[in-house]
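So that the names make sense, note that chain A is the first sequence line, chain B the second, and so on, each numbered from 1. For the numbers below, each heavy atom of this structure counts, side chains included, while hydrogens, waters and symmetry mates do not.
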There are 2 protein chains.
Amino acid sequence: MENLPEHFDSLFSVDCVIFGFDEGELKILLIERNEDPFKGWFALPGYFVEHTEAIETAAQRILYESTGLKGIFMEQFYTFGALGRHPQGRVITVAYYAMIRLTGNKEVAPLPTAHFAKRAVWMPVKDMPELAFDHSRIFRKSFEKIKNKISYQPIAFELLPEKFTLTQLQQLYEVVLNKKLDKRNFRKKMLAYDILKELDEKQKGVSYRAAKLYKFDKRKYIKNFQKELSFTR
Amino acid sequence: MENLPEHFDSLFSVDCVIFGFDEGELKILLIERNEDPFKGWFALPGYFVEHTEAIETAAQRILYESTGLKGIFMEQFYTFGALGRHPQGRVITVAYYAMIRLTGNKEVAPLPTAHFAKRAVWMPVKDMPELAFDHSRIFRKSFEKIKNKISYQPIAFELLPEKFTLTQLQQLYEVVLNKKLDKRNFRKKMLAYDILKELDEKQKGVSYRAAKLYKFDKRKYIKNFQKELSFTR
DNA sequence: CCAAAAGTGTTTGGCCTACACCCATGT
DNA sequence: ACATGGGTGTAGGCCAAACACTTTTGG
């Protein structure tokens, strides 16, 4: 507990795993630390929670400082408090994940307010290096959670652009679940749920047959399913 | 932050939801507080985490002090840190649940070491009063978790006696899922998983046809399923 | 012999799986 | 015309759901 900033006696922090999907790849937002410990390492965006700040509020603040986005749904998924996880003392961290729409503009991130970061990058999950602290472990746990959750909750749509093709949707499932899905079966099933709105619009700028665009129809979803359904199998 | 014990500046605690199943009822272990705030109210067993203590260790300690049991698997399920949740200041609490075998001896609980408790009771879930702090909310969240988990992980067996009848097993599922299940389908499915060992032994002391006893066969379970299966539908 | 719960099969419909070819578009 | 992905249907197997009566035992 030697030389930590004054927040330190609050002893707990928030770390955020912020997922994005772009160019067929699942990515997460990492910052490069410009402070010791782990200066120069990549880490999850995270920081200390203030004494008078709710944990959720802190998570929203970190998200905002990292991406400029507000009001994104974040889900708490685990709290990490092993004794040795912070080299300078006891820090317990509450971990959240969020899913955000990159929609081609990769420039969601980071605002200069994110003083804890030298820079931020959208790192493809498949290329991730070892992260600072126990952040690799935190990431793995978040990934298990979304893998599980995407199968029965409509979280995929939070990652896709508002208008998307069925192939994009399928690619996202394939990346998260790490397996190939059958195109015909996937479409049949997804359309059978009746939660998508087919648009009178097609993909543009592709050098092959343009695909129809769809929107997630939240009203239909709520109507058809109180709570649960199974998106793959 | 006026007059709390010296632990208070550690600012975080552990609360445990300890489930048991007895006489066809799901119960949880509650303590009656003998300290302010909420003196005389029922609450979940919980206490402050020491500075040099891992969170899991604290959870195990609380479980031990509340029940005399050691080495029971506990799962962390959520962290509660709303600003107003503790009337005397900021306390963040990490919540765990555990499932224990009551096996007719309801006297699991509490040891005198549980200084924070005046007494402890196994309270049927259906009779629960409003609890101290935000503990009712914590309980509800734990219940959602086990309801979900019991459907695809073999946690039911942790609650039952080592030797149990299929009817007991079914009753447990019915209580947790809060719905009736079909006897024939339930048995067919459960036996088809091939994770139970049929014993050469029958129920005793009942005034009707005695049922066969079964054991959960962990070896078969691990062999047949790496990780997942679905126990009901 | 009565009360109470144990134990037992079959049918039906729906869903998941596997599988391959033609179509539309841009270059 | 060719390359690229878009878009489509069917058959078989398996699983889940619905459903009611006979058996065993203790009192």
*Asks:* Starting from C1' on dC16(C), measure out to OH on Tyr193(A) and report it in whole angstrom.
*Replies:*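 Those two atoms, OH and C1', are 11 Å apart.
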*Asks:* May I have the distance from Gln170(A) (atom CD) to dG6(D) (atom C1'), rounded to whole angstrom?
*Replies:*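 Atom-to-atom, Gln170(A) to dG6(D), this comes out as 12 Å.
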*Asks:* Is the cationic atom of Lys70(B) (NZ for Lys, CZ for Arg) positioned less than 6.0 Å from the six-membered ring centroid of Tyr64(B) and within 45 degrees of its normal?
*Replies:*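 Ring-cation test returns yes.
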*Asks:* Taking the six-membered ring of Tyr78(B) as reference, does the NZ or CZ atom of Lys141(B) fall below 6.0 Å from its centre and within a 45° cone about the axis?
*Replies:*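 Satisfied, under 6.0 Å and within 45°.
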*Asks:* Tell me whether the rings of Tyr97(A) and Phe19(A) are parallel (<30°), tilted (30 to 60°) or perpendicular (>60°).
*Replies:*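 Taking Phe19(A) first and then Tyr97(A), their aromatic rings stand perpendicular (interplane angle over 60°).
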*Asks:* For Lys180(A) and dC19(C), what is the distance between atoms NZ and C1' respectively, to the nearest whole Å?
*Replies:*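 In whole Å, dC19(C) C1' lies 17 Å from Lys180(A) NZ.
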*Asks:* Return a single string for nucleotides 4-14 of chain C, one symbol per nucleotide in 5' to 3' order, where B is base contact, S is sugar-phosphate-only contact and - is none, cutoff 4.0 angstrom on heavy atoms.
*Replies:* BSBBBBB----
*Asks:* Scan Val17(A), Ile18(A), Ile150(A), Leu159(A) and name whichever one has a side chain to side chain contact (heavy atoms under 4.5 Å, CB included) with Met99(A).
*Replies:*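 That would be Leu159(A).
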*Asks:* dG5(D) P sits how many Å from Leu213(A) CG, rounded?
*Replies:*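 Roughly 17 Å, once rounded to whole Å.
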*Asks:* Using 30° and 60° as the class limits, which term best fits the ring planes of Phe157(B) and Phe164(B): parallel, tilted or perpendicular?
*Replies:*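 Plane angle between 30° and 60°, so tilted.
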*Asks:* Are any side-chain N or O atoms of Arg101(B) and backbone N or O atoms of Leu160(B), one a donor and one an acceptor, separated by less than 3.5 Å?
*Replies:*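 At least one qualifying donor-acceptor pair exists.
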*Asks:* Grab the CZ-P distance between Phe164(A) and dG6(D) for me, whole Å please.
*Replies:*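 That distance rounds to 14 Å.
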